[in-house]
2 protein chains.
Amino acid sequence: MKPQDRYLPPEVCREVGSVLECIGDKWTILVMRTLDGGSLRFSELRRSISGVSQKMLTATLRALERDGFVTRTVTPTVPARVDYTMTDLGREVMVPINALATWALRNQHRVSAARRSYDAKSARGK
Amino acid sequence: MKPQDRYLPPEVCREVGSVLECIGDKWTILVMRTLDGGSLRFSELRRSISGVSQKMLTATLRALERDGFVTRTVTPTVPARVDYTMTDLGREVMVPINALATWALRNQHRVSAARRSYDAKSARGK
DNA sequence: CTGCATCCCAATCGATACTG
DNA sequence: CAGTATCGATTGGGATGCAG
């Protein structure tokens with residue numbers, strides 16, 4: 001097998017990439033895991049995820065809505081009420097995401113050990 | 001269950017986040033999937049992954065090395081030869097990553113349909 | 001309450017040039 | 001061949017103010 005034969009077809013790269021890109025950003029996973037427990041209002045989400053700015057929470061939710069992972073329901077009371085809910089698609093993608101999260105949790109000590117070792121080595125090498 | 005109770009413990013967020021952060025960037029997945037087929041030299045990797053700049057490939061490989069996912073072996077010939085190889089840890093993390101990639105592949109049509117629908121709707125709404 | 005618009009800083013990334 | 005260094009363009013993301 002020549003190295004060139006390991007090319008991933010461009011369309012594969014792009015599709016996988018586009019999914020990983022959206023779950024890879026700073027807040028998406030947090031929002032999805034929070035919403036996976038049940039519907040929440042905007043303000044509840046914001047309180048549940050410490051550190052997120054209004055702007056980023058809005059942007060994250062818009063992206064999730066566009067990708068079909070969550071639905072946005074507006075109740076036109078005054079003041080307005082907006083609820084966010086996971087879709088079936090969203091709940092499905094949580095399965096492999098949670099698997100990855102579980103791996104990360106179980107193996108975090110191995111990764112951080114590798115990092116410490118690497119950092120110590122490069123500090124000595126300097 | 002109150003929304004606040006859905007807080008992920010901060011240490012969980014940070015650890016999961018730190019793993020997802022490193023695999024979430026633009027080139028990491030591509031590099032890992034390419035290396036998963038067997039060791040490659042720097043230049044082979046670069047040719048195998050179209051579009052990656054030398055700078056980003058170097059940075060990506062450094063991060064993977066630091067996290068213990070790949071090893072870097074220098075053969076001090078002239079000119080120098082550097083081989084990159086997946087570690088056991090790297091091969092392990094590929095399992096959940098590939099699961100996610102497989103999901104993305106199998107469901108890409110659903111995601112892109114959702115996007116088209118969303119974009120059409122917002123175009124009309126404008 | 002929800003969320004858009006604006007300003008602004010910091011990090012990211014690509015291109016290019018240069019070194020062991 | 002395998003990097004490092006630097007510059008410029010783009011992007012991410014927080015703070016603030018305003019509107020429905």
Side-chain angles (χ1 to χ4, degrees), chain A residues 3-4 13-14 17-18 20-31 34-35 39-66 70-85 118 121-122 125-126, chain B residues 3-4 13-14 17-18 20-31 34-35 39-66 70-85 118-119 121-123 125-126:
Chain A
Q4 285 79 350
C13 297
R14 249 177 269 127
S18 87
L20 291 172
E21 207 169 301
C22 69
I23 69 139
D25 75 83
K26 202 171 176 185
W27 301 107
T28 301
I29 296 282
L30 244 30
V31 171
T34 306
L35 273 184
S39 300
L40 286 179
R41 303 182 55 173
F42 185 87
S43 51
E44 291 172 327
L45 263 175
R46 185 162 179 191
R47 274 194 299 276
S48 295
I49 302 171
S50 63
V52 70
S53 69
Q54 189 183 47
K55 175 183 174 179
M56 290 318 298
L57 183 53
T58 300
T60 302
L61 287 167
R62 281 288 175 284
L64 287 173
E65 188 193 359
R66 186 170 110 96
V70 310
T71 56
R72 176 173 179 271
T73 312
V74 182
T75 312
T77 52
V78 177
R81 171 196 177 104
V82 182
D83 289 275
Y84 292 91
T85 310
Y118 182 92
K121 217 170 299 177
S122 44
K126 258 287 174 79
Chain B
Q4 285 80 351
C13 298
R14 249 178 268 125
S18 87
L20 290 172
E21 207 169 301
C22 69
I23 69 138
D25 76 83
K26 199 171 177 184
W27 301 107
T28 302
I29 296 282
L30 246 29
V31 171
T34 307
L35 273 183
S39 299
L40 287 178
R41 305 181 55 169
F42 185 87
S43 50
E44 292 173 326
L45 262 175
R46 185 161 182 198
R47 274 193 300 275
S48 296
I49 302 172
S50 64
V52 70
S53 68
Q54 190 183 44
K55 177 182 173 179
M56 290 317 299
L57 183 55
T58 301
T60 302
L61 287 166
R62 283 286 177 285
L64 286 172
E65 189 193 359
R66 187 170 108 96
V70 310
T71 56
R72 176 172 179 271
T73 311
V74 182
T75 311
T77 52
V78 177
R81 171 197 178 103
V82 181
D83 289 275
Y84 292 91
T85 309
Y118 181 93
D119 293 344
K121 217 170 300 176
S122 46
K126 259 286 173 80

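Bear in mind the structure is a predicted one, so any value in this text is a computation, not a measurement. So you know, we letter chains A, B, ... as the sequences are listed, proteins then strands, and number each from 1.
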Is the distance from OP1 or OP2 of C:dG14 to the nearest side-chain N or O of B:Ser53 less than 4.0 Å? yes

Rounded at 0.5 Å granularity, tell me how far NZ in A:Lys55 sits from OG1 in A:Thr60. 11.5 Å

Without decimals, in angstroms, what is the distance between B:Arg47 CZ and D:dA2 C1'? 13 Å

Integer-rounded Å distance: D:dG20 C1' and A:Phe42 CZ: 15 Å

With the side chain defined as heavy atoms from C-beta on, B:Arg72 is closest, among D:dT4, D:dA2, C:dG14, to D:dA2

How far does CG of A:Leu61 sit from CZ of A:Arg46, to the nearest 0.5 angstrom? 12.0 Å

OP1 or OP2 of C:dT2 under 4.0 Å from side-chain N/O of A:Tyr84: no

Quick one: which of C:dT2, D:dG14, C:dG14 gets closest to the side chain of A:Lys55? D:dG14

Counting only side-chain heavy atoms from C-beta out, which of C:dC4, D:dG14, C:dC1 sits nearest to A:Ser43? C:dC1

Are any non-hydrogen side-chain atoms of A:Tyr84 and A:Leu64 less than 4.5 angstrom apart? no

Taking atom types as they are modelled, would you say the side chain of A:Glu44 forms a donor-acceptor pair with the base of C:dC1 within the 3.5 Å cutoff? no

Atom-pair distance (CD on B:Glu65; P on D:dA2), nearest Å: 15 Å

Of A:Asp25 and B:Asp83, the one whose closest nucleotide on DNA chain D sits nearer the 5' end is B:Asp83

Closest heavy-atom pair and its distance - A:Thr34, A:Leu45: CG2-CD2, 4.0 Å

Please give, in whole Å, the distance from C:dC1 P to A:Leu40 CG? 15 Å

What's the CD-P distance between B:Gln54 and C:dT19, to the nearest Å? 15 Å

Rounded to the Å, how far apart are A:Met56 CE and D:dA15 P? 12 Å

Using only side-chain N and O atoms of A:Arg81, determine if any of them is under 4.0 Å from OP1 or OP2 of C:dT2. no

Report the nucleotide, chosen from C:dC4, C:dC13, D:dG14, that has the shortest atom-to-atom distance to any side-chain atom of A:Trp27. D:dG14

Hey, are the side chains of B:Val52 and B:Leu30 touching, using non-hydrogen atoms and a 4.5 Å cut-off? no

Comparing A:Pro79 and B:Leu61 on DNA chain D - which has the more 5′ nearest nucleotide: B:Leu61

Compare side-chain N and O positions of B:Arg62 against OP1 and OP2 of D:dT4 and report whether any pair is under 4.0 Å apart. yes

Counting only side-chain heavy atoms from C-beta out, which of C:dG3, D:dT4, C:dC13 sits nearest to B:Thr58? D:dT4

